**Student:** 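Can you read through this structure? Questions will come right after.
Computed from a predicted model, the values in this text were never measured in an experiment.
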Amino acid sequence: MQPGSGPADVNEEDNPSENVIAQISQFADDNLTFVRNISTCLGLAGLLILARSIRLITKFGSAADIPARFIERNISVRGRLRNITEKGLEVEHIPIYVPLLSRLLTKRQPVTLLDVRLAGVELTSEGQDWIGQQLKPAETVWLRLIARQNETLHCLVSVNRGLFFNTCVNEELLRRGLARTSPFVGLDPHSRIYWHLYKRFLRAESRAEKKGKGLWKEESRWERAANVLKNNMLVISLKKLFKWTSWTKEK
């Protein structure tokens, strides 16, 4: 052993792995900002890959853009109401917004609309008018995906009315007698969700029928009597005779 050398010098020579760890730690301390930036970049890259794979922040421009698993699992997506048509709605999809990532993935694209039908209901003209009165232009709606038929989506359409109140437009139309129940397109009639929705909608329709709302509204006695008289042959003959008599007197 040379003079001046001590146990510390022996340990450094005998444990080179500790020296490597010490050097790495020293480098990390000296370049802390650089290391943090690398960690952030790796995290963003991983999140970007994950987001692309599960299509969370992808804007859907047509029914074909929506992954099949979204419809199979009846996932809800958010949209902005643009138009009310004779058969349903036209909705612009609103993807989930993630800071930075949404800007990286979303490019400037023309506005494309999803053709949405109200699943399980046959809409009347009065129901169409009611939707136009209740839903505001550009209002945010939620679409629970039920089925896809070519370029058309069959959905349960919901809107938020207050902090804790959510209204299903399909069911509300039935409850008001402004629509009739119809088969759920694209759903297996033996599936659990089919029967759950069918019973729920049938119950809403039955309430409207019992209360005589909308298309289930019964005519009053005077209305029924007026219709009977209007279509009575004797009354029709008397009207013709009265007109003929009046025409003869004028001559």
Side-chain angles (χ1 to χ4, degrees), residues 60 62-63 66 70-71 74-94 111-189 191 193-220 222-224 226-227:
F60 303 132
S62 67
I66 300 176
F70 278 38
I71 298 173
N74 307 121
I75 289 175
S76 295
V77 297
R78 192 170 52 133
R80 185 176 290 111
L81 178 66
R82 290 303 185 188
N83 298 308
I84 299 172
T85 66
E86 293 182 0
K87 296 182 178 180
L89 311 173
E90 288 183 342
V91 178
E92 178 186 0
H93 174 234
I94 304 175
V111 175
T112 53
L113 305 178
L114 300 173
D115 181 19
V116 177
R117 305 288 167 82
L118 299 169
V121 301
E122 181 185 341
L123 192 62
T124 64
S125 57
E126 291 80 6
Q128 184 180 347
D129 293 339
W130 180 84
I131 292 176
Q133 295 169 5
Q134 297 298 316
L135 300 186
K136 302 174 184 177
E139 182 169 3
T140 300
V141 296
W142 285 93
L143 309 175
R144 186 180 180 188
L145 305 172
I146 300 299
R148 174 170 49 199
Q149 186 180 37
N150 298 325
E151 286 300 314
T152 300
L153 292 171
H154 295 266
C155 307
L156 300 185
V157 180
S158 299
V159 292
N160 292 326
R161 290 288 184 261
L163 186 60
F164 301 106
F165 191 65
N166 193 40
T167 301
C168 176
V169 176
N170 311 51
E171 192 172 2
E172 190 64 24
L173 286 165
L174 292 171
R175 192 179 290 116
R176 293 174 177 269
L178 301 176
R180 295 182 178 87
T181 55
S182 65
F184 288 92
V185 176
L187 279 184
D188 181 5
S191 64
I193 186 173
Y194 185 98
W195 283 105
H196 171 73
L197 292 175
Y198 180 74
K199 287 189 291 185
R200 174 178 156 188
F201 281 17
L202 195 61
R203 187 161 51 247
E205 186 180 50
S206 298
R207 288 176 182 173
E209 187 175 2
K210 288 179 181 178
K211 294 182 179 180
K213 291 185 175 181
L215 58 89
W216 308 109
K217 183 179 179 180
E218 294 184 359
E219 295 178 336
S220 66
W222 289 109
E223 289 173 333
R224 288 198 296 269
N227 287 331

**Student:** Taking the basic N atoms (NZ, or NE/NH1/NH2) and the acidic carboxylate oxygens, is any pair closer than 4.0 Å for E90 and R82?
**Tutor:**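 A salt bridge is absent here (no side-chain N lies under 4.0 Å from a carboxylate O).
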**Student:** Take E205 and R180 through the side chain to side chain contact (heavy atoms under 4.5 Å, CB included) test and state the conclusion after the steps.
**Tutor:** CA-CA 7 Å; E205 186 180 50; R180 295 182 178 87; 3.8 Å; yes
**Student:** Taking NZ, NE, NH1 and NH2 as the nitrogens, is one of them in R80 or E139 under 4.0 Å from a carboxylate oxygen of the other?
**Tutor:**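 Looking at R80 and E139, the cut-off is not met.
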**Student:** With rounding to the nearest 0.5 angstrom, report the CG to CD1 distance, L118 to I146.
**Tutor:**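 L118 atom CG to I146 atom CD1 measures 11.5 Å (nearest 0.5 Å).
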**Student:** Would a 4.5 Å heavy-atom cut-off, applied to side chains only, mark I66 and L145 as touching?
**Tutor:**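 Side-chain contact under 4.5 Å: yes.
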**Student:** For T181 and F201, indicate whether the former's side chain and the latter's backbone hold a donor-acceptor pair under 3.5 Å.
**Tutor:**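 The answer is no, because no donor-acceptor pair under 3.5 Å joins these two groups.
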**Student:** Does the side chain of R78 come within less than 4.5 Å of T140's, by heavy atoms?
**Tutor:**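 Counting from C-beta outward, T140 and R78 do come under 4.5 Å.
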**Student:** Take N160 and W142 through the test side chain to side chain contact (heavy atoms under 4.5 Å, CB included) and record every step on the way to the result.
**Tutor:** CA-CA 9 Å; N160 292 326; W142 285 93; 3.8 Å; yes
**Student:** May I ask you to decide if L156's main-chain N or O and R144's side chain share a donor-acceptor pair within less than 3.5 Å?
**Tutor:**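 Side chain of R144 to backbone of L156: no pair is present.
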**Student:** Would you give the length of the straight line joining atom CD1 of I193 to atom CZ of F184, rounded to the nearest 0.5 angstrom?
**Tutor:**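 It comes to 8.5 Å.
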**Student:** Enter the distance from S62:OG to N150:CG here, rounded to the nearest 0.5 Å.
**Tutor:**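 Answer for the OG-CG pair, S62 versus N150, is 12.0 Å.
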**Student:** Could you tell me whether the side chain of L113 reaches within less than 4.5 Å of the side chain of L89, counting heavy atoms only?
**Tutor:**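 Contact flag for L89/L113 side chains = no.
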**Student:** Determine, stepwise, if the pair D188 / Y194 fulfils side chain to side chain contact (heavy atoms under 4.5 Å, CB included).
**Tutor:** CA-CA 7 Å; D188 181 5; Y194 185 98; over 6 Å; no
**Student:** Can you give me the closest heavy-atom contact between C168 and S158, atom names plus distance?
**Tutor:**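 Closest heavy-atom pair between C168 and S158: CA-OG, 3.9 Å.
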**Student:** Relative to the ring of Y198, is the ring of W195 parallel (under 30°), tilted (30 to 60°) or perpendicular (over 60°)?
**Tutor:**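 W195 vs Y198 ring planes: perpendicular.
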**Student:** Can you tell me how far CZ of R117 sits from OG of S182, rounded to the nearest 0.5 angstrom?
**Tutor:**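 It is 11.5 Å, given to the nearest 0.5 Å.
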**Student:** Are side-chain heavy atoms of W130 and V169 found at a separation under 4.5 Å?
**Tutor:**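 Side chain of W130 against side chain of V169, heavy atoms only: contact under 4.5 Å found.
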**Student:** Before you tell me yes or no, could you show the steps for K210 and W216 under side chain to side chain contact (heavy atoms under 4.5 Å, CB included), namely the whole-Å CA-CA distance, both residues' side-chain angles and the distance that decides it to 0.1 Å?
**Tutor:** CA-CA 8 Å; K210 288 179 181 178; W216 308 109; over 6 Å; no
**Student:** For residues T152 and H154, determine if any side-chain heavy atom of one lies less than 4.5 Å from a side-chain heavy atom of the other.
**Tutor:**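 T152 vs H154: side chains touch.
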**Student:** Once you round to the nearest 0.5 Å, how far does CZ of R203 lie from CD of E171?
**Tutor:**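 Here the interatomic distance stands at 7.5 Å.
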**Student:** Does some side-chain heavy atom of L173 sit less than 4.5 Å from a side-chain heavy atom of L123?
**Tutor:**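 Touching, per the 4.5 Å side-chain cut-off.
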**Student:** How long is the straight-line distance from CG of L143 back to CG of L81, given to the nearest 0.5 Å?
**Tutor:**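 L81 CG to L143 CG: 9.5 Å, rounded to 0.5 Å.
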**Student:** If I compare all heavy atoms of A208 with all of G177, which pair ends up nearest, and what's the gap?
**Tutor:**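 Scanning both residues completely, I find the closest heavy atoms to be CB-N, 3.7 Å.
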**Student:** Looking only at atom types and distance, does a side-chain atom of N170 sit under 3.5 Å from a main-chain N or O of V157, one as donor and one as acceptor?
**Tutor:**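 Yes, N170 side chain to V157 backbone: donor-acceptor pair under 3.5 Å.
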